[in-house]
Visitor: 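For reference, the structure I am asking about is given below.
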Protein chains: 2
Amino acid sequence: MADGTAERARPRDRILETAQDMFHKHGIKGVGVDAITEAAGTNKMTLYRHFESKDDLIIECLRATACKGAAIWDAFEAEYPGDKLAQLHAWVRKAADMLNADSRGCDMANAAIELSETDHPARRVIKELKEAQRDRLVSLCRDAGVGQAELLADTLSLLLEGARVSMQSVGAEGPSAQFVRMAEGLIASFRVR
Amino acid sequence: MADGTAERARPRDRILETAQDMFHKHGIKGVGVDAITEAAGTNKMTLYRHFESKDDLIIECLRATACKGAAIWDAFEAEYPGDKLAQLHAWVRKAADMLNADSRGCDMANAAIELSETDHPARRVIKELKEAQRDRLVSLCRDAGVGQAELLADTLSLLLEGARVSMQSVGAEGPSAQFVRMAEGLIASFRVR
DNA sequence: TGCAGAAGTTACAGACCGGTAACACCCTAG
DNA sequence: CTAGGGTGTTACCGGTCTGTAACTTCTGCA
């Protein structure tokens with residue numbers, strides 16, 4: 001499937017990349033380690049030589065996904081250096097683009113829903129990573145000069161989270177279609193205060 | 001466990017009630033039919049005499065849950081007959097109450113995330129039920145006299161959906177803690193227009 | 001070239017899953 | 001009292017799951 005690019009990477013990286021993709025598409029409980037290793041062009045033993053367990057692999061996948069997300073944030077700063085308000089608008093546009101390009105939502109949120117056991121080792125990691133994202137959005141809102149930065153950031157967070165899950169239950173023509181309008185309206189109304 | 005009240009109900013009803021509860025708490029893929037029948041005080045054969053398959057049971061559970069949700073809506077009309085704006089505020093309060101009382105979110109959204117196969121029979125039902133809820137909220141907003149009723153209803157929908165999933169990933173102290181403030185602020189800002 | 005470590009292969013263990021067959025039971029309606 | 005339908009019980013099927021053992025093959029490096 002995804003041979004060309006990552007076929008010559010090391011087995012561990014191929015497994016990590018493939019697992020991220022398959023967990024995202026089919027859910028964590030919807031894909032087994034055999035399927036992952038086969039799609040990654042390797043085998044189960046090699047997976048268990050690099051990862052303690054499936055749970056460990058799940059955690060590493062979440063960290064890797066969060067890492068990619070952080071790179072997107074860095075791109076905002078690179079594109080609009082110092083202009084925090086422009087970066088906030090770029091965040092809205094990027095979120096909408098990702099909504100349109102992919103209907104499987106946020107891996108961390110999906111994992112939290114699938115892994116309902118409250119003591120699952122991945123839960124701690126999910127919370128940490130989500131809190132980091134929240135802090136980053138709060139900082140961006142604050143530095144953009146809006147009043148009540150925390151409230152705006154939290155509102156935008158919930159809107160995006162809701163849009164991502166709404167995409168999966170009612171589809172792209174549902175409430176999530178209005179995400180950009182909602183987010184821009186919110187930012188505007190917080191600025192005038 | 002939940003003997004006293006429903007122990008003397010008919011097996012089909014006990015299974016349906018127990019399955020709703022267990023699917024809600026542990027997720028659909030997190031509980032097997034054996035566990036359901038045991039908790040319902042019956043056995044697997046009886047389950048398969050009343051339901052074609054686990055998928056069929058899932059669908060019936062979702063319908064039953066939606067039915068309970070509809071009853072909550074009826075209670076708003078009963079409590080504030082004719083006063084649609086009061087009903088809208090009651091909806092916000094009720095949503096917040098349910099957020100505080102339970103951290104496992106919306107069964108339909110969770111099911112949509114867990115059942116990632118796009119052709120899963122439950123997906124159609126989930127979409128139908130979610131669209132019905134959306135229509136009802138749009139009507140309530142319109143009858144409450146706010147401008148852009150659809151946009152307000154969709155925004156409130158996404159906020160609530162986001163709050164329910166945020167509860168599960170970051171916990172009750174995360175962005176979802178501000179749900180009431182956000183929702184009330186939104187309603188106010190839509191009214192003045 | 002030779003060697004060590006990484007990677008592949010095969011087979012398996014033990015558990016759980018959804019779903020079915022065959023049969024015994026009980027309770028109620030006639 | 002009896003017949004029959006709903007229910008309970010046990011055993012089983014084939015499949016899938018995570019995880020491991022033992023062995024062979026490949027590869028990179030000195």
Side-chain angles (χ1 to χ4, degrees), chain A residues 1-3 6-23 25-62 110-111 114-117 119-123, chain B residues 1-3 6-23 25-62 111 114-117 119-123 125:
Chain A
M1 293 298 167
D3 333 46
E7 192 55 65
R8 282 299 140 200
R10 302 186 121 166
R12 188 183 193 279
D13 297 329
R14 279 172 7 223
I15 291 170
L16 204 55
E17 203 72 27
T18 307
Q20 276 180 261
D21 183 57
M22 296 185 74
F23 285 153
K25 284 181 186 157
H26 312 298
I28 289 173
K29 293 192 180 173
V31 49
V33 291
D34 271 318
I36 293 171
T37 54
E38 189 185 351
T42 177
N43 55 74
K44 199 159 46 170
M45 270 314 301
T46 300
L47 186 152
Y48 281 103
R49 286 191 191 107
H50 288 288
F51 303 94
E52 284 184 8
S53 62
K54 186 183 179 182
D55 284 348
D56 185 36
L57 175 62
I58 292 167
I59 290 173
E60 292 304 313
C61 282
L62 291 174
N110 293 356
E114 275 200 274
L115 308 175
S116 56
E117 312 96 351
D119 61 342
H120 193 288
R123 297 298 290 261
Chain B
M1 293 302 163
D3 332 45
E7 192 56 63
R8 283 298 140 199
R10 304 188 118 167
R12 187 183 195 279
D13 297 328
R14 279 171 10 222
I15 291 170
L16 205 53
E17 203 73 26
T18 307
Q20 275 180 262
D21 183 56
M22 296 185 73
F23 285 155
K25 283 181 186 157
H26 311 298
I28 289 174
K29 293 191 179 172
V31 50
V33 291
D34 272 316
I36 293 171
T37 54
E38 188 186 351
T42 178
N43 54 74
K44 199 157 50 170
M45 269 315 300
T46 301
L47 187 151
Y48 280 104
R49 286 190 191 107
H50 289 288
F51 303 93
E52 284 185 7
S53 61
K54 186 183 180 182
D55 284 348
D56 185 36
L57 175 61
I58 292 167
I59 289 172
E60 292 305 312
C61 282
L62 291 174
E114 274 200 275
L115 308 175
S116 56
E117 312 96 348
D119 61 343
H120 193 287
R123 297 297 293 257
V125 179

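Since the model is a prediction, treat every value here as computed from it, not as a measurement. Here is how names work: the chains are called A, B, and so on, in the same order as the sequence lines, proteins then strands, and each is numbered from 1.
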Visitor: Can you list the residues that meet the side-chain contact (heavy atoms from CB on, under 4.5 Å) rule with A:Lys44, with sequence neighbours excluded?
Guide: A:Val33, A:Asp34, A:Tyr48
Visitor: Identify, residue by residue, the members of residues 30-38 of chain B with a heavy atom below 4.0 Å from DNA chain C, and return them in order of residue number, or none.
Guide: B:Val31, B:Gly32, B:Val33
Visitor: Which residues satisfy the side-chain contact (heavy atoms from CB on, under 4.5 Å) test with B:Arg12, sequence neighbours excluded?
Guide: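 With neighbours one apart ignored, the set is B:Leu16, B:His50, B:Phe51, B:Glu60.
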Visitor: For a quick test of reading the model: is some side-chain N or O of B:His50 closer than 4.0 Å to OP1 or OP2 of D:dG6?
Guide: no
Visitor: Side chains of A:Asn110 and A:Ile28, heavy atoms from C-beta outward: is any pair under 4.5 Å?
Guide: no
Visitor: Taking side-chain hydrogen bond (donor to acceptor under 3.5 Å, both in side chains) as the definition, give me every residue that meets it alongside B:Asp55, ordered by chain and number, with sequence neighbours left out.
Guide: B:His120
Visitor: Could you pick out which residue, B:Arg12 or B:Lys44, lies toward the 5' side of DNA chain D when each is mapped onto its nearest nucleotide?
Guide: B:Arg12
Visitor: D:dG8, OP1 or OP2 - any side-chain N/O from B:Thr46 closer than 4.0 Å?
Guide: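 So the side-chain polar atoms of B:Thr46 do come within 4.0 Å of the phosphate oxygens OP1 or OP2 of D:dG8, strictly under.
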Visitor: Among residues at least two apart in sequence or on other chains, which ones pass side-chain hydrogen bond (donor to acceptor under 3.5 Å, both in side chains) with A:Lys29?
Guide: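 Partners of A:Lys29 under the side-chain hydrogen bond (donor to acceptor under 3.5 Å, both in side chains) test: none.
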Visitor: Has A:Thr18 got a side-chain atom pairing as donor or acceptor with A:Arg14's backbone, closer than 3.5 angstrom?
Guide: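 Such a contact is found between A:Thr18 side chain and A:Arg14 backbone.
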Visitor: Does A:Thr42 have a side-chain nitrogen or oxygen under 4.0 Å from the phosphate oxygens OP1 or OP2 of C:dA7?
Guide: no
Visitor: Could you encode protein contacts along nucleotides 22-30 of chain D as a string, one character per nucleotide from 5' to 3', using B for base contact, S for sugar-phosphate-only contact and - for no contact, with a heavy-atom cut-off of under 4.0 Å?
Guide: B--------
